[in-house]
Number of protein chains: 2
Amino acid sequence: MRLTRAGEYGIRCVLHLARHGRGTLVSRKEIAARTDVPPHFLAKIAQQLAKAGIIEIMQGANGGYRLLTDPSEISLLAVIEAIIGGISLNDCVGRPESCHNSALCTVHRVWNKANQQLRATLQETNFATLAAEEACCLTPFPEAGGHNPLQRKKMI
Amino acid sequence: MRLTRAGEYGIRCVLHLARHGRGTLVSRKEIAARTDVPPHFLAKIAQQLAKAGIIEIMQGANGGYRLLTDPSEISLLAVIEAIIGGISLNDCVGRPESCHNSALCTVHRVWNKANQQLRATLQETNFATLAAEEACCLTPFPEAGGHNPLQRKKMI
DNA sequence: TCGATATAAGACTAAATATATCTTATATAT
DNA sequence: ATATATAAGATATATTTAGTCTTATATCGA
């Protein structure tokens with residue numbers, strides 16, 4: 001598993017929406033500006049979030065995005081997996097058939113355990129909790145200034 | 001974090017050496033053949049393992065690699081981090097300075113926790129344990145035939 | 001000491017993936 | 001209708017991963 005920039009952006013997007021609460025429509029333009037995500041890139045990410053049932057996309061004038069459910073019901077895991085796909089730390093976790101006998105393999109078992117733990121931790125965290133506190137990747141809610149151009153490099 | 005092919009190969013290499021036990025010299029050629037790793041690629045990986053103090057490299061005729069310590073003292077984590085560097089699931093975990101206030105950031109705290117858990121799980125596992133049982137990525141120890149060309153694709 | 005054999009080290013290439021951006025189409029409010 | 005906003009997919013660029021190749025160095029044994 002690797003949190004790509006797209007994954008990070010997805011978290012920011014949902015976090016920003018969570019601060020406005022469920023159902024509030026926010027334009028892509030605003031979200032992009034406030035989360036420092038390229039607007040066109042955000043569009044693609046939003047489409048994945050929509051496909052996963054996390055947000056709803058409204059087209060046309062005054063369009064934008066809104067959360068479909070309460071932030072408390074949206075887990076960090078759900079958002080991440082909506083963007084980067086199912087988390088699997090090693091190939092054999094996601095595709096057991098990639099090894100000839102993963103059922104018996106000790107290495108495989110360790111990866112499986114680690115993978116489960118990771119997913120559990122990310123699932124425990126919901127966006128109501130996240131939105132309630134300060135986050136380093138967004139400007140403080142709701143209006144205070146101070147843009148935060150994130151430093152890019154080495155995402156690993 | 002992402003287990004790259006190089007990381008996977010590193011695990012196989014150490015696992016194969018672990019089955020021979022500490023101090024036994026095994027040629028790169030044999031290791032490469034038995035673990036299905038390209039020999040030149042294995043050379044690079046071995047150099048990283050050597051730099052990390054896990055193996056010793058013997059040059060010259062009848063050269064090869066050997067474990068410097070007992071397999072029980074080599075953790076999965078040590079091998080992985082020797083190859084792919086320190087594990088950090090998100091940029092802000094490895095480089096807190098990449099965000100303006102990671103100390104206060106809830107998102108950051110979640111990643112930190114997940115990261116610690118993952119490292120702990122990988123650290124708990126040592127190569128004596130791994131070598132004792134069947135592994136899907138190696139031919140059964142010590143001589144039985146049956147090569148296992150692993151299927152490549154989608155490492156994520 | 002010389003030659004055969006083995007790895008070292010780093011340059012180089014190729015492929016895959018991530019990160020955008022651009023263009024044309026579609027939907028909606030006024 | 002028109003202006004505005006997103007959809008969808010093609011395209012481009014950059015980065016990372018994976019693998020190969022070449023030259024150098026070390027060691028064994030005749």
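The chains referred to below are lettered A, B, ... by the order of the sequence lines, with proteins before strands, and numbering in each begins at 1. These numbers come from the heavy atoms of this one structure, side chains and all, not from hydrogens, waters or symmetry mates. Keep in mind that this is a model prediction, so the values were computed, not measured.
- Here the straight-line distance linking atom CD of A:Gln116 with atom OG1 of A:Thr121 works out to 11.5 Å at 0.5 Å rounding.
- Rounded to the nearest 0.5 Å, atoms OG1 (A:Thr129) and CG (A:Leu76) are 10.5 Å apart.
- For the segment residues 52-62 of chain B, the set of residues with a heavy atom within less than 4.0 Å of an atom of DNA chain C comprises B:Ile57, B:Met58, B:Gln59, B:Gly60, B:Ala61, B:Asn62, in numerical order.
- Listed candidates were D:dG19, C:dC22, D:dA18. Nearest to the side chain of B:Pro38 is D:dG19.
- The shortest side-chain heavy-atom distance between B:Leu67 and B:Val14 falls under the 4.5 Å cut-off.
- In this structure, the nucleotide among D:dA18, C:dT7, D:dT6 sitting nearest to the side chain of B:Ala6 is D:dA18.
- Residues B:Leu15 and B:Ile57 are members of one and the same hydrophobic cluster, defined by side-chain heavy-atom contacts under 4.5 angstrom among Ile, Leu, Val, Met, Phe, Trp and Tyr.
- Residue B:Ala46 is classed as having no contact, given no heavy-atom separation below 4.0 Å to the nucleic acid.
- One finds no side-chain N or O of B:Tyr9 lying less than 4.0 angstrom from the OP1 or OP2 phosphate oxygen of D:dT17.
- The nearest whole Å value for the distance from the CZ atom in A:Arg28 to the C1' atom in C:dT26 is 14 Å.
- Atom CD1 in A:Ile45 sits roughly 15 Å away from atom C1' in D:dA7 (whole-Å rounding).
- Residue B:Thr4 places at least one side-chain N or O closer than 4.0 Å to OP1 or OP2 of D:dA18.
- For the pair A:Ile84 CD1 and C:dT19 P, the computed distance is 10 Å after rounding to whole Å.
- Which of C:dT19, D:dT6, C:dC22 sits closest to the side chain of A:His40 comes down to C:dC22.
- Phosphate proximity of C:dA20 to A:Arg5: present, with a side-chain N or O under 4.0 Å from OP1 or OP2.
- Side-chain atoms of B:Ser75 and B:Glu124 form no donor-acceptor pair, as typed in the model, at a separation below 3.5 Å.
- Residue B:Lys44 places no side-chain atom within donor-acceptor reach of the base of C:dG10, judged by atom type and a 3.5 Å distance cut-off alone.
- Atom pair A:Ile83:CD1 and C:dT17:C1' shows a separation of 16 Å (rounding to whole Å applied).
- Between A:Tyr65 atom OH and C:dA27 atom P the separation is 16 Å, expressed in whole Å.
- Atom CZ in A:Phe41 sits about 19 Å away from atom P in C:dT23, given to the nearest Å.
- Tracing side-chain contacts under 4.5 Å through hydrophobic residues (I, L, V, M, F, W, Y), one reaches B:Ile84 starting from B:Leu118; they form part of the same cluster.
- Nucleotide C:dA20 holds its P atom 14 Å from the CD atom of A:Gln48, rounded to whole Å.
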From CA spacing to verdict: side-chain contact (heavy atoms from CB on, under 4.5 Å), B:His16, B:Glu30: CA-CA 10 Å; B:His16 186 77; B:Glu30 180 193 321; 3.0 Å; yes

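- At whole-Å resolution of the value, CG in B:Leu3 and C1' in D:dT16 are 15 Å apart.
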